[in-house]
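Note that the structure is predicted; figures quoted are calculated from it, not measured. We name chains A, B, ... by the order of the sequence lines, and we start the count at 1 in each one.
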Amino acid sequence: MPKTLIILLGPTGVGKTDLSIDIASYFQTEIISCDSRQIYREMNIGTAVPDTKTLKTIPHHFIRSHSIHDYYNASKFETEALERLEQLFRQRDIVIMTGGSMLYIDALCKGLDDLPNVDQQLRQSLMKRMETEGIANLLNELRELDPDYYKVVDLKNPKRILHALEICLMTGRPFSSFRTNPSRKRPFKILKIGLNCDRAVLYNRINQRVDKMFEEGLEEEVINLYPLRHLNSLNTVGYREIFDHIDGTITLDEAREKIKANSRKYARKQLTWFRRDPEITWFTPGMKDEIIATINQHLNQEGQ
RNA sequence: GGUGCCAUAGCUCAGUCGGUAGAGCAACGGACUGAAAAUCCGUGUGUCCCUGGUUCAAUUCCAGGUGGCACCA
């Protein structure tokens with residue numbers, strides 16, 4: 001039987017966690033989380049990590065496994081998750097991956113270009129230049145160093161400009177020369193199961209989940225993290241809005257409403273990304289039996 | 001009961017000296033390869049409260065009605 005990774009994906013709040021537990025129990029396997037924020041052990045309430053009881057029922061990987069102090073990115077996830085999968089597949093044929101971090105999913109399925117990790121000091125100095133000189137000088141520099149990328153990059157997107165410059169400066173090569181779009185082969189089959197539901201229902205679930213987070217003490221969690229607010233990992237829905245409230249720019253109630261709105265926006269953005277992926281088979285969260293049937297059917301086909 | 005003010009997008013409101021209207025937020029769509037819950041781009045979705053009058057033409061002016069708010073009783 002070929003090794004198969006079943007990926008359960010969908011917008012935030014749709015019900016991936018609960019279903020992933022059911023599916024993992026049914027196939028008696030473990031879960032790889034694919035969530036760029038649940039990976040941090042210092043963040044709990046605001047990232048909606050599964051509760052400890054759930055985590056004990058089914059072994060989870062990449063949940064609360066890293067620190068917000070560590071620099072992390074999609075490429076690291078690709079490397080680490082592939083290693084972990086190799087270990088897991090030694091003992092089992094099926095592993096579940098669940099989460100909504102789009103780039104992380106794609107990184108694991110198709111791989112990223114072979115680039116050096118960004119030097120954080122260089123990043124800091126470029127960010128400072130962007131602040132003091134404005135983006136125009138950096139754009140000119142990029143046009144010099146990598147005219148090809150300059151032609152295709154979104155010139156209004158500072159992060160894209162900065163990253164391209166970082167790579168040019170670090171390697172002495174144009175950033176575009178690294179962009180080969182590898183689409184690597186993986187030593188296992190992949191089945192993508194998408195979860196979605198009626199938009200109004202989804203928004204309701206998201207809004208209620210935010211209220212629940214506040215009941216569970218989100219404000220206190222964020223207050224404790226306030227001194228670390230500059231960390232990238234804390235540039236996150238549910239955290240930055242409360243940072244703003246601590247700064248006194250908005251009321252706590254406004255922060256709560258903004259968290260809801262930004263979560264809804266995030267869900268929409270996820271759907272936009274997933275929509276263009278033709279490999280996804282879509283279900284609603286209640287279709288547990290149909291999903292298991294689809295997986296079994298897929299496994300049988302692959303087995304022949 | 002009387003007087004005054006208000007009624008325009010899902011919400012808060014602007015505006016049209018009479019030629020069927022626009023901001024913010026929300027909503028909706030898109031991009032995306034090492035910061036991705038990040039970052040960036042795009043879209044106005046409307047019985048202008050109702051009925052009548054004046055007018056070539058009324059969301060706009062006039063009258064009445066309805067609803068809301070305030071004050072006086």
Side-chain angles (χ1 to χ4, degrees), chain A residues 9-14 16 33-40 43 45-49 66 68 70-81 99-120 122-124 126-127 130 135 149 152-167 170-171 175-184 199-200 202-203 206-207 209-210 213 222 230-243 250 254 257-277:
Chain A
L9 54 84
T12 188
V14 78
K16 296 186 293 291
S33 166
C34 187
D35 189 302
S36 70
R37 291 301 185 266
Q38 290 182 0
I39 205 167
Y40 296 116
M43 302 162 77
I45 300 170
T47 56
V49 285
H66 294 67
I68 53 175
D70 301 329
Y71 177 70
Y72 205 74
N73 59 44
S75 175
K76 291 195 176 196
F77 178 78
E78 179 191 349
T79 309
E80 292 177 10
S101 295
M102 306 86 86
L103 183 61
Y104 283 30
I105 295 173
D106 281 1
L108 185 92
C109 294
K110 294 184 258 179
L112 299 172
D113 285 320
D114 217 359
L115 288 182
N117 272 316
V118 171
D119 177 72
Q120 290 305 301
L122 175 64
R123 173 162 292 179
Q124 291 302 324
L126 283 176
M127 277 166 57
M130 171 104 68
I135 200 170
Y149 190 62
V152 295
V153 69
D154 177 359
L155 297 174
K156 289 179 180 171
N157 193 327
K159 288 202 180 183
R160 303 270 155 76
I161 307 297
L162 269 189
H163 185 239
L165 265 181
E166 285 163 359
I167 299 300
M170 282 176 68
T171 62
F175 174 59
S176 53
S177 69
F178 293 94
R179 287 166 55 85
T180 56
N181 198 1
S183 214
R184 297 206 166 82
R199 195 62 68 93
L202 180 65
Y203 285 179
I206 288 172
N207 295 341
R209 192 170 73 168
V210 172
M213 286 175 183
V222 179
H230 59 278
L231 294 175
N232 171 64
S233 43
L234 291 175
N235 184 195
T236 300
V237 175
Y239 293 79
R240 53 184 184 188
E241 296 87 350
I242 296 182
F243 289 150
I250 55 174
E254 284 167 342
E257 290 313 306
K258 278 203 163 174
I259 292 170
K260 289 177 184 174
N262 286 333
S263 300
R264 297 194 295 265
K265 213 176 272 187
Y266 174 51
R268 255 179 268 143
K269 197 175 72 172
Q270 288 173 301
L271 287 168
T272 298
W273 182 294
F274 293 140
R275 222 172 269 145
R276 69 175 177 186
D277 187 343

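Within the nucleic acid shown, D119(A) has no heavy atom closer than 4.0 Å to any nucleic acid atom. Among the heavy atoms of the strands lying under 4.0 Å from M127(A) is at least one base atom, whether or not backbone atoms are also near. Base engagement by T47(A) is indicated by at least one non-hydrogen atom pair under 4.0 Å involving a base atom. Counting any heavy atom pair closer than 4.0 Å across all strands shown, Y104(A) reaches sugar-phosphate atoms only and no base atom. Within the nucleic acid shown, T236(A) comes within 4.0 Å of at least one base atom, counting heavy atoms only. Across all strands shown, R264(A) has heavy atoms under 4.0 Å from sugar-phosphate atoms exclusively, and none from any base. Across all strands, G46(A) comes closer than 4.0 Å to base atoms (heavy-atom distances).
Nearest approach of Q38(A) to T47(A), heavy atoms of both residues: NE2-O, 2.9 Å. When all heavy atoms of V222(A) and G238(A) are compared, the closest pair comes out as CG2-O, 3.7 Å.
Pairing for U16(B) is absent, with no Watson-Crick or G-U wobble pair whose two atom distances lie under 3.5 Å. Base pairing annotation: G52(B) forms a Watson-Crick or G-U wobble pair with C62(B), both donor-acceptor distances under 3.5 Å. Shown here, A36(B) forms no base pair; nothing in the strands shown gives a Watson-Crick or G-U wobble contact with both key distances under 3.5 Å. Using N1 to N3 plus N6-O4 or O6-N4 for Watson-Crick, or N1-O2 and O6-N3 for G-U wobble, each under 3.5 Å, A73(B) pairs with nothing. As the counterpart of A21(B), no nucleotide is assigned, since no Watson-Crick or G-U wobble pattern has both distances under 3.5 Å. When both distances must be under 3.5 Å, the Watson-Crick or G-U wobble mate of C5(B) is G68(B). Of the nucleotides present, U43(B) is the one that pairs with A27(B) by Watson-Crick or G-U wobble criteria, both distances under 3.5 Å.
When distances run from any side-chain atom of T272(A) to the nucleotides G30(B), U33(B), A36(B), the shortest one goes to G30(B). Distance from the side chain of N157(A) is smallest to U39(B) among U39(B), G34(B), C32(B). The side chain of D113(A) lies closest to G34(B) when the candidates are G34(B), A26(B), G30(B). Of the candidate nucleotides C41(B), U39(B), C32(B), U39(B) has the atom lying nearest to any side-chain atom of P158(A). Ranking C32(B), G34(B), C28(B) by closeness to the R268(A) side chain, first place goes to C28(B).
The main-chain N or O of T236(A) is never found under 3.5 Å from a side-chain atom of R37(A) such that the two would form a donor-acceptor pair. A donor-acceptor pair under 3.5 Å is formed between the side chain of D113(A) and the backbone N or O of T180(A). Panel note: side chain R209(A), backbone T12(A); no donor-acceptor pair is recorded below 3.5 Å.
Ranked by how close their nearest RNA chain B nucleotide is to the 5' end, Y266(A) and V118(A) are led by V118(A). Where D154(A) and Y203(A) each meet RNA chain B at their nearest nucleotide, the meeting point lying more 5' is that of Y203(A).
As rounded to the nearest Å, C28(B) and U16(B) have P atoms that lie 33 Å from one another. Of the P atoms belonging to A31(B) and U45(B), the separation is 23 Å, rounded to the nearest Å. The gap from the C1' atom of G68(B) to that of U43(B) amounts to 33 Å, rounded to the nearest Å. For A14(B) and A23(B), the C1' atoms lie 7 Å apart once the distance is rounded to whole Å. Taking the C1' atoms as reference points, A57(B) lies 7 Å from G19(B), given to the whole Å. Between the P atoms of C6(B) and C13(B), the separation comes to 13 Å (whole Å). Of the P atoms belonging to G53(B) and A58(B), the separation is 11 Å, rounded to the nearest Å. C69(B) and G10(B) are spaced 22 Å apart, taking the P atom of each and rounding to whole Å.
Remark: P of C40(B) and CG of N262(A) are 13 Å apart, rounded to the nearest angstrom. Between the NZ atom of K265(A) and the C1' atom of U39(B) there is a distance of 13 Å, given to the nearest Å. Between the CG atom of L271(A) and the P atom of C32(B) there is a distance of 17 Å, given to the nearest Å. Counting to the nearest Å, the P atom of U33(B) and the CD1 atom of I161(A) are 11 Å from each other. Rounded to a whole Å, the CH2 atom of W273(A) is 12 Å from the P atom of A36(B). Across the protein-nucleic acid pair, H163(A) atom NE2 and A36(B) atom C1' stand 12 Å apart, rounded to whole Å. For the pair L162(A) CG and C40(B) P, the computed distance is 12 Å after rounding to whole Å. Put simply, CD on E80(A) is 17 Å from P on G34(B), counting in whole angstrom units.
Distances shown here put every side-chain N or O of R160(A) at or beyond 4.0 Å from the OP1 or OP2 atom of A36(B). Side-chain nitrogen and oxygen atoms of N232(A) include at least one within less than 4.0 Å of the OP1 or OP2 phosphate oxygen of A36(B). In terms of phosphate contacts, Y72(A) brings no side-chain nitrogen or oxygen within less than 4.0 Å of OP1 or OP2 of G34(B). Between K269(A) and A31(B) there is no side-chain polar atom (N or O) within less than 4.0 angstrom of OP1 or OP2. Proximity of N235(A) to the phosphate of U39(B): a side-chain N or O atom is located under 4.0 Å from OP1 or OP2. At G30(B), none of the side-chain N or O atoms of R276(A) fall inside 4.0 Å of OP1 or OP2 (strictly under the cut-off). Remark: R199(A) is in phosphate contact with G29(B), judged by side-chain N or O atoms under 4.0 Å from OP1 or OP2.
Against the 90° criterion about 0, the sugar-base torsion of G4(B) places it in the anti range.
You won't find any donor-acceptor pair under 3.5 Å spanning the side chain of D106(A) and the base of U33(B), going by distance alone.
A 6.0 Å sphere centred on NZ of K260(A) holds more than 12 heavy atoms belonging to other residues, nucleotides or ligands.
Between Y40(A) and H66(A), the distance separating the two ring centers is not shorter than 6.0 angstrom.
Ring pair Y104(A)/Y72(A) is tilted by interplanar angle, where 30° to 60° counts as tilted.
Cation-pi geometry between R275(A) and W273(A) is not met at under 6.0 angstrom from the ring centre and within 45 degrees of the axis.
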